[in-house]
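Please read the structure below before turning to the comments.
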Amino acid sequence: MKPIQVGLLGIGTVGSGVFHVLARNQEEIRRRAGRGIEIAMVADLDVARAQSVVGAGVQVVSDARAVIANPEIDIVIELIGGYGIAKQLVLEAIAAGKHVVTANKALLAVHGTEIFKAAAEKGVVVAYEAAVAGGIPIIKALREGLAANQIQWVAGIINGTTNFILSEMRDKGLDFDVVLKEAQRLGYAEADPTFDIEGVDAAHKATIMSAIAFGIPVQFDKAHVEGITKLGAADIRYAEQLGYRIKLLGITKRTDKGVELRVHPALVPAKRLIANVEGAMNAVLVQGDAVGATLYYGKGAGSEPTASAVIADLVDITRLIEADPTHRVPPLAFQNHTLREAGQDLPILPMTEVVTSYYLRLRVADQAGVLAKVTGILAGAGISIDAMLQREADEVGGEGSTQTDLIILTHDTREGTMNDAMAQMQQLPTVLAPITRIRKEELN
Ligand code: HSE
């Protein structure tokens, strides 16, 4: 049978990985897919560089639309990124009847509803295993392996850049800014790292997982997004002393009132496996009602790890290319006509309605009665204290210091309640700096 013909839009780090892995493992891939899979055409603005990657045997063009217009092409791989031209090209490829494979989490988290609708109307597949956690087959796991379960929550370390930075901060006792510069020098962080360090990349991925886990549309605009830029070495150290590690988590959780969808730094008990995921690695913990907790670990970025996910999608599409579209796995795990409308019975909850526990650090004057006032405010708000830590002022502020840090761990409370209590504590004249609040997730 004629090999499946693939057109590649953008051949940077991931595209090169796709080309090399397909070439290296072509015989095994053919045996798995039932047909050969060939990159037949590549579009890239840098034609000379692209040609040097794929060799003379593959046609390289600068115009992506020439790939989409080629009637020989069965599957288009979009590796351009972003929501601009990439969105237009994906929609044009779908309109031309091509199946699409993309690693573009931003595109799907923001425009997924429109894209999946267009694909359903045309009877083509939009596959996106590489969009979440790179080489980890988490889409496959959530959509197929766990199909028996009512998913209760998903919590993941789904951004390698920030996990690398947090690991370095902990190992070396350094502050965020210092480690970011080092990460950029080593190539772990982009020259413009905003999407990673502000939590946006992780929120794109969490948004996609929330849709698959709960049968709701992608709703990135309702996600709570908070990055790691305000974390200090002191918080990482205090967390450690209390038996916790700080990780940037993407969390989506089903509750009686709706779905939580949030990205923020969180204290995680150091004894949990996921707390020990270090460096640029990713891990996703999924809690299902039947299976319990399952954990998926691996490389969330990089040329061949991401190519591994892209090629798995190529194999899936190849196996079912002749099948009736209703026999394929639905893109968001639930059959399209059973997906909930946005806001309908399972709305994304505002952050004020999220219930979790907290780490608070208050820089306070080391005077009589300060602790009583702080705990009085918490008691008045009905917030129960789980643990406390206070170091001698000399240790915190140096010899003769009159200030110290008060560290409080709370039990679960509503975020809105905590906001009110924090506002009251911040008004105390003996609270000398903005209060640091980090959420705490037991993940049990
Ligand atoms: N920039 C991402 C990360 C990889 O650092 O994990 C691509 O999503």
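For ligands, and for the atoms within them, numbers begin at 1 and follow the listed sequence.
- Looking at D196 next to ligand 1, an N or O pair under 3.5 Å apart turns up.
- Ion pairing of R30 with E27 is present here, as a side-chain N (NZ or NE/NH1/NH2) and a carboxylate O approach within less than 4.0 Å.
- Residue contacts with ligand 1 for D201 involve side-chain atoms from C-beta outward but no N, CA, C or O (heavy atoms, distance under 4.0 Å).
- Remark: ligand 1 atoms within the under-4.0 Å shell around heavy atoms of A301 are 4 (C).
- Checked for salt-bridge contact, E415 and R437 meet the test: a charged N lies under 4.0 Å from a carboxylate O.
- Heavy-atom separations between H204 and ligand 1 are all 4.0 Å or longer.
- Side-chain contact between S303 and V21 is absent, with no heavy-atom pair separated by less than 4.5 Å.
- Under the 4.0 angstrom criterion for non-hydrogen atoms, E190 is not in contact with ligand 1.
- Note: an N/O pair closer than 3.5 Å links G160 and ligand 1 by distance alone.
- Atom 5 (O) of ligand 1 has T161 OG1, 2.5 Å as its closest protein atom, hydrogens excluded (heavy atom only).
- A donor-acceptor contact closer than 3.5 angstrom links the side chains of Y296 and T294.
- Side-chain atoms of L186 and F164, non-hydrogen and from C-beta on, do get closer than 4.5 Å to each other.
- Atom CD1 of I311 sits about 11.0 Å away from atom CD of Q26, to the nearest 0.5 Å.
- Listed by number with element, the atoms of ligand 1 under 4.0 angstrom from any heavy atom of K105 are 7 (C), 8 (O).
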